[in-house]
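Worksheet: the structure to be examined is printed underneath.
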Amino acid sequence: MLIDIGVNLSSARFAKDVPDVLENAQKADVAKMILTGTSVEDSRSVIGLCETYANDFPSMLYATAGIHPHSAETFNANAQRDLQDMVSHPSVVAVGETGLDFYRNLASEEAQQRSFEAHLEIAINAKLPLFLHERNAAVRQIEILHTYRDLFTDAVIHCFTSDRKTLYKYLDMDLHIGITGWICDERRGRDLQELVADIPLNRLMIETDSPYLIPRNMAFSPKNNRNEPAFLPWVAEGISAHRPESKQQIVADTGITAQRFFRL
Ligand SMILES: [Zn+2]
């Protein structure tokens, strides 16, 4: 079963045609998707989208609630309370997006760590898995995760693009790995292509991170230069080109893993 674990459906680039995007996904056999919440306001938006389309697209949409590291400066006591309330909503299946991004440092490192640790606490209390982002911050992120590892249930490093050493540290902590169309980029994705076979199949999940990261192995150029959940099969295709399993097997197993991980 095709499950897209990372869709930014609240993006302005989807605002005009959400029903078409969902229909396209359905036609491409994408059965379920997890909508990423990147701020308090945005988490509210994606929960709203789950509610709005629950009748027309039953059991298709789920959400995460969290604050992206880029927006970590917006984390405060009010935000914490809002997130705590949101995670009890039936559509919310994970806490995040959270984590550390020391590549762009759009928020101070202190603010990012404070927000990240608060998200860990929220996930632990709610017994929900974590949807994690990390860029150029693996050492600190792993240190923090180690501190809490016995307490939280599960976590996925979404859009993993790091190196083998980091991958093994995440796997040693029993984390899951999300792979996007990054792997389909013959130039930028080369490192990832070389290590994707090292990920145990039962720890692997797939995502488009749409509207970003159009899979470059696609046979056509999408309109508006926009990625969509409907293009998820190309991510599976890109992964299967560098693993022993067939595309069908990747789809089947990542679907089972996502259902188990997010308890869908
Ligand atoms: Zn991210």
Side-chain angles (χ1 to χ4, degrees), residues 5-11 34-47 62-89 91-162 166 169-170 173-180 205 207 209 212 258 261-263:
I5 69 154
V7 180
N8 300 283
L9 196 65
S10 55
S11 162
I34 318 286
L35 311 183
T36 311
T38 57
S39 68
V40 167
E41 199 188 340
D42 187 55
S43 300
R44 232 174 244 131
S45 300
V46 291
I47 292 169
Y62 304 86
T64 73
I67 300 175
H68 192 284
H70 289 341
S71 303
E73 307 272 2
T74 68
F75 176 79
N76 57 27
N78 282 339
Q80 182 162 16
R81 206 173 39 235
D82 288 345
L83 290 175
Q84 266 157 357
D85 288 346
M86 273 187 255
V87 295
S88 62
H89 190 284
S91 297
V92 174
V93 293
V95 175
E97 176 166 5
T98 182
L100 303 175
D101 191 318
F102 296 167
Y103 178 68
R104 293 179 69 190
N105 268 332
L106 296 188
S108 75
E109 295 187 2
E110 293 70 33
Q112 291 187 42
Q113 293 180 41
R114 203 175 319 125
S115 174
F116 182 25
E117 296 201 68
H119 281 75
L120 281 156
E121 305 273 3
I122 292 169
I124 291 161
N125 290 330
K127 298 189 172 63
L128 283 176
L130 286 141
F131 186 84
L132 301 179
H133 171 108
E134 180 260 307
R135 191 137 186 231
N136 278 27
V139 172
R140 188 71 190 112
Q141 178 130 338
I142 287 162
E143 270 172 16
I144 292 175
L145 288 171
H146 259 302
T147 315
Y148 290 88
R149 185 61 194 100
D150 291 342
L151 303 171
F152 68 83
T153 54
D154 259 328
V156 58
I157 304 290
H158 109 99
C159 194
F160 178 85
T161 55
S162 196
T166 305
K169 288 198 171 139
Y170 285 139
M173 275 194 281
D174 230 355
L175 304 197
H176 287 68
I177 306 293
I179 298 289
T180 60
M205 294 186 276
E207 47 176 331
D209 206 20
Y212 317 112
F261 181 92
F262 293 104
R263 298 170 223 153

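Remark: H68 NE2 to S43 OG distance equals 11.5 Å, nearest 0.5 Å. For the atom pair CZ (F152) and OG1 (T147), the distance works out to 10.0 Å, reported to the nearest 0.5 Å. Between atom CD1 of residue I5 and atom CZ of residue F262 there is a gap of 4.5 Å, rounded to the nearest 0.5 Å. Annotation: the span from I177 atom CD1 to S162 atom OG amounts to 9.5 Å, rounded to 0.5 Å. Rounding to the nearest 0.5 Å gives a distance of 13.0 Å between OH of Y212 and OG1 of T180. Separating the CG atom in N76 from the CZ atom in R81 is a distance of 9.0 Å, to the nearest 0.5 Å.
Note: H158 and H133 have tilted aromatic rings, judged against thresholds of 30 and 60 degrees for the angle between ring planes.
At least one side-chain heavy atom of I144 sits less than 4.5 Å from a side-chain heavy atom of L100. L145 has its side chain within reach of L175: a pair of non-hydrogen atoms, C-beta onward, lies under 4.5 Å apart. Annotation: side chain of D209 is in contact with side chain of N8 (closest heavy-atom distance under 4.5 Å). Looking at R149 and D174, their side chains come closer than 4.5 Å, going by heavy atoms from C-beta outward. Counting only heavy atoms from C-beta outward, the side chains of E134 and I142 never approach each other to under 4.5 Å. For the pair I157/Q141, a side-chain contact is recorded, criterion being any heavy-atom separation below 4.5 Å from C-beta on. Side-chain contact check for I47 versus V92: some heavy-atom pair is nearer than 4.5 Å. Side-chain contact between T74 and V40 is absent, with no heavy atoms from C-beta onward closer than 4.5 Å.
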Under the side-chain contact (heavy atoms from CB on, under 4.5 Å) criterion, do V46 and L9 qualify, and how do the steps go? CA-CA 7 Å; V46 291; L9 196 65; 5.5 Å; no
With side-chain contact (heavy atoms from CB on, under 4.5 Å) as the test, would you mind laying out the steps for E121 and L151 before giving the verdict? CA-CA 9 Å; E121 305 273 3; L151 303 171; over 6 Å; no
Evaluate the criterion side-chain contact (heavy atoms from CB on, under 4.5 Å) for residue pair K169 and T166; output intermediate values, then yes/no. CA-CA 5 Å; K169 288 198 171 139; T166 305; 5.6 Å; no
Report the C-alpha separation of T38 and I67 in whole Å, then their side-chain angles, then the decisive distance to 0.1 Å, and conclude whether the side-chain contact (heavy atoms from CB on, under 4.5 Å) test is met. CA-CA 5 Å; T38 57; I67 300 175; over 6 Å; no
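Scanning all heavy atoms of the two residues, the minimum distance from F131 to G6 falls at CZ-CA, 4.2 Å. Counting all heavy atoms, side chain and backbone alike, D101 lies closest to A137 at N-CB, 4.4 Å. The two residues A65 and V87 make their nearest non-hydrogen contact at CB-CG1, 4.3 Å. In this structure, P69 and A107 approach most closely via the heavy-atom pair O-CB, 3.4 Å. Among all heavy-atom pairs drawn from S45 and S10, the shortest one is CB-CB, 4.1 Å. Considering all non-hydrogen atoms of both residues, I34 and T64 come closest at CG2-CG2, 3.6 Å.
Judged by the 6.0 Å distance and 45° axis criteria, R114 is not positioned over the aromatic ring of F116.
A donor-acceptor pair under 3.5 Å links the side-chain atoms of S88 to the main chain of D85, judged by distance alone.
No salt bridge links E41 with R44; every basic N to acidic carboxylate O contact stays at or beyond 4.0 Å.
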